[in-house]
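Here the structure is laid out as structure tokens; the discussion comes afterwards.
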Amino acid sequence: MTKTQEFQAFQYDLADKSWQDKVASFQLTTSEIVTPNPKVSVIIANFNNAPYLNKMMDSLTAQTLGMANIQVMFIDDKSTDNSIAIIKPYLTKNPNIELYQLDENTGGAHGPRNVGLLNARGEYLVILDADDWYDDKALKYLSDLLDESGDDFAVSGLVQSVDGHLSLKSKPYYVDGDFKNRSIQELPTEFYGWLGPQSIMLRRSLVVKHNLHFVDQRVADDVTFFYEAMRFAKIITQGKELTTYLNRDADNTSLSQAINRNFMMSWLRALSYINETFPDDTSKERFLSRRIEWLIHDFCLKRNIGYKFSKARLQDFKAQLDLYLGNIKFDPSPYFRNDFRKTAWLYLKNNDISGLYRFIYLFSVRWVLNRKLNMKTVSNQVYYYPQLLPLLTKTRLEAYAVAESLIEGTLKLKVFSYKKLVGFEIFDLAQPFESRKELTYRKLSETDFEVNLPKGYENNKSRFVVIFEGYFEIGVQRFASVM
């Protein structure tokens, strides 16, 4: 099958509306009161997410926008748990909730999501995973942003939750602050590191006008959809508030095992379509670079995924990369986050699979020595992973910082990195995002700094970090001991 035939078979073609005829059939049950013209439509694809549904639904019924303005579309893909029993009481207690029970399982979130696209009525549209949830002001905040800006695409702060531990996901969504009418050509590479459905709101007319839909594959369907939406929107709005919570409580081992060869092929197919559909420009270059880097991380460097690590896997990845993306007209490696991935790309470019295999095998040892035993090689004030063998390619540590002393609130420390230093910050551990505070500092030399800590700083309640370009930050070695 040629790539063109693949694009047709997996329903990529935006000029072809036949995907609408293939959408799954369903049985519909609704609340007694249903608003014909809601402000926002919420599409929720569900398969066996019963443990998370109450939290997700409660976050919707509590929205300050009001349920009279929200179309909640719960689309169940033939769940075998008690999902339906959990959802039905919400229909009797609230207006505007619609329960779509698909007649057959579609095999992925793309199926229910396309049902939602064809039945949405709101001015604006969001896609919510069944195990995620919103801040109670989220839908009003995002819709107000689009009302004010006139844009078709809005994004805001996304929080990742892992067993109750919160961290920022896709930092550029939040850290960049307040933007309206921002060209997608200005977005940093790191913006494209996620681009899942969370924290994004679209004007539904954009989706309808350009026949946007989710391609018929389990992997990369959402990122493809939202990147296409960005391309047609051309400009976006970015909000400064945290609106969405991404649930990552699932077992990391099972997630890793889901990264298999089909996963690899689906992503390469999606990237190939993007590359061949949209013109060469900064946005496409940054998007493809971030995604190629991610695939290199998964299918060259990682060893505990569902596609067993071997020379054969590396050879297969190289062959498929050449087939699907061999015609890109730029070098993606300058956009990569670290030396490890850049080196892997160089081996792939030179078709040196044996060298890549040896590099990965030895690097796994170097990584353990650095992380577990704090071993490093230093040369000309640059820190590297332990060298081990003279002929082994040097791999720089992204950054390393060590505290030296604390005298009357002034912290002396050394910072080593090939990345540009942005500054120093502290934040309250109980409020890791809202409480960020920049600190004043003095640069004594290329590696030596003095930072002024605020009075009353308590290390057991706050965190001190060094900030670098690319939304990268690290903690400081020996910081607790000098405190």
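One is the number of the first residue; the rest follow in order along the sequence. Computed from a predicted model, the values in this text were never measured in an experiment.
Residues Val415 and Phe424 form a side-chain contact, since some pair of their non-hydrogen atoms from C-beta on lies under 4.5 Å apart. You'll find the side chain of Phe416 stays beyond 4.5 Å of the side chain of Val378, heavy atoms only. For the pair Tyr347 and Leu314, the minimum side-chain heavy-atom distance is 4.5 Å or more. At least one side-chain heavy atom of Glu148 sits less than 4.5 Å from a side-chain heavy atom of Lys180. Side-chain contact between Met483 and Leu411: absent, with no pair of heavy atoms (C-beta onward) separated by less than 4.5 Å. Using a 4.5 Å heavy-atom cutoff, the side chains of Pro172 and Leu187 are not in contact. Between Ile474 and Lys419 there is no side-chain heavy-atom pair separated by less than 4.5 Å.
Separation of the Tyr173 and Phe191 ring centroids falls under the 6.0 Å cut-off. Ring centroids of Phe153 and Phe232 are separated by 6.0 Å or more, keeping the two rings apart. In this structure, Tyr357 has its ring center under 6.0 Å from that of Phe309.
Heavy atoms only, all atoms of each residue included: Val476 and Leu413 are closest at CG2-CD1, 4.1 Å. Smallest separation of non-hydrogen atoms from Lys437 and Pro454: NZ-CB, 4.1 Å. Contact record, Ser354 with Lys311: OG-NZ, 3.5 Å, taken as the closest heavy-atom pair. Closest non-hydrogen pair, Gln198 versus Thr244, comes out as CB-CG2, 3.9 Å. Pairing each heavy atom of Phe330 with each of Leu288, the nearest pair is CZ-CB, 3.9 Å. Shortest non-hydrogen contact noted between Leu139 and Met201 is O-CE, 3.9 Å.
Between the side chain of Ser199 and the backbone N or O of Gly157 there is at least one donor-acceptor pair closer than 3.5 Å. Counting only distance, with no hydrogens or angles, the side chain of Asp152 and the backbone of Arg203 share no donor-acceptor pair below 3.5 Å. A donor-acceptor distance shorter than 3.5 angstrom exists from the side chain of Asn260 to the backbone of Asn262, with no hydrogens or angles considered. The main-chain N or O of Arg337 is found under 3.5 Å from a side-chain atom of Glu293 such that the two form a donor-acceptor pair. Side-chain N or O atoms of Asn338 include one that pairs as donor or acceptor with a backbone N or O of Arg341 at under 3.5 Å. The backbone N or O of Val219 sits less than 3.5 Å from a side-chain atom of Gln217, completing a donor-acceptor pair. For the pair Asp222 (side chain) and Gly196 (backbone), a donor-acceptor distance under 3.5 Å is absent. A donor-acceptor pair under 3.5 Å is formed between the side chain of Arg218 and the backbone N or O of Gly107. Proximity of a side-chain donor or acceptor of Arg478 to a complementary backbone N or O of Ala403 within less than 3.5 Å is detected. Between the side chain of Lys39 and the backbone N or O of Leu65 there is no donor-acceptor pair closer than 3.5 Å.
Surrounding CZ of Arg436 are more than 12 heavy atoms belonging to other residues, nucleotides or ligands, all under 6.0 Å away. Environment of OH in Tyr361: sparse, with no more than 12 heavy atoms of neighbouring residues, nucleotides or ligands closer than 6.0 Å. Counting non-hydrogen atoms of other residues, nucleotides and ligands closer than 6.0 Å to CD of Glu469 gives a total above 12. Around atom NZ of Lys140, no more than 12 heavy atoms belonging to other residues, nucleotides or ligands sit under 6.0 Å away. Atom CZ of Arg463 has 12 or fewer heavy atoms from other residues, nucleotides or ligands within 6.0 Å. The 12-atom threshold is not exceeded at NZ of Lys240, counting heavy atoms of other residues, nucleotides or ligands nearer than 6.0 Å. By the neighbour-count criterion of 12 heavy atoms within 6.0 Å, atom CD of Glu438 is sparsely surrounded, having that number or fewer from other residues, nucleotides or ligands.
Judged by the 6.0 Å and 45° rule, Arg396 forms a cation-pi pair with Tyr418.
Of the candidates Ile86, Asp132, Leu128, Leu128 is the only one forming a side-chain contact (heavy atoms from CB on, under 4.5 Å) with Met56.
Residues Asn374 and Lys376 have side chains that bring a donor and an acceptor to within less than 3.5 angstrom of each other. With 3.5 Å as the limit, one finds a donor-acceptor pair spanning the side chains of Ser283 and Tyr227. No donor-acceptor contact under 3.5 angstrom links the side chains of Tyr384 and Asn370, judged on distance only. A side-chain N or O of Tyr457 and one of Asn459 form a donor-acceptor pair less than 3.5 Å apart. With hydrogens and angles left out, the side-chain atoms of Tyr471 and Asp176 include a donor and acceptor closer than 3.5 Å. Side chain to side chain, Tyr307 and Asp316 meet the donor-acceptor criterion of an N or O pair below 3.5 Å. No hydrogens or angles considered: nothing links the side chains of Thr343 and Thr393 as a donor-acceptor pair under 3.5 Å. Side chains of Ser83 and Asn49: a donor-acceptor N/O pair is absent below 3.5 angstrom, by distance only.
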**Asked** Taking it one step at a time, do Asp135 and Tyr141 satisfy side-chain contact (heavy atoms from CB on, under 4.5 Å)?
**Response** CA-CA 10 Å; Asp135 178 83; Tyr141 177 72; over 6 Å; no
**Evaluation steps, side-chain contact (heavy atoms from CB on, under 4.5 Å), between Asp144 and Leu142** = CA-CA 5 Å; Asp144 283 350; Leu142 285 165; over 6 Å; no
**Derivation of the side-chain contact (heavy atoms from CB on, under 4.5 Å) call for Leu242 and Leu168** = CA-CA 9 Å; Leu242 298 168; Leu168 277 179; 3.9 Å; yes
**Request:** In sequence, state the C-alpha distance, the side-chain angles, and the governing distance for Arg358 and Asp352, and then conclude on salt bridge (Lys or Arg N to Asp or Glu O under 4.0 Å).
**Result:** CA-CA 10 Å; Arg358 182 174 59 253; Asp352 184 0; 5.1 Å; no
**Message:** What verdict does the side-chain contact (heavy atoms from CB on, under 4.5 Å) test give for Phe340 and His297, after you've listed the backbone C-alpha separation in whole Å, the side-chain angles of each residue and the deciding distance to 0.1 Å?
**Reply:** CA-CA 9 Å; Phe340 191 19; His297 174 72; over 6 Å; no
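Under 4.0 Å is where a charged nitrogen must lie from a carboxylate oxygen, and between Asp129 and Arg113 at least one such pair does.
Note: Tyr174 and Phe433 have perpendicular aromatic rings, judged against thresholds of 30 and 60 degrees for the angle between ring planes. In this pair, Phe468 and Phe472 present their aromatic rings tilted. The plane angle is within the 30 to 60° band. Between Trp267 and Trp294, the two ring planes are perpendicular [angle over 60°; tilted spans 30° to 60°].
Legend: residues meeting side-chain hydrogen bond (donor to acceptor under 3.5 Å, both in side chains) with Asn452, ordered by chain and number and at least two apart, are Thr440.
To the nearest 0.5 Å, the span separating CG on Asp58 from OH on Tyr134 amounts to 15.0 Å.
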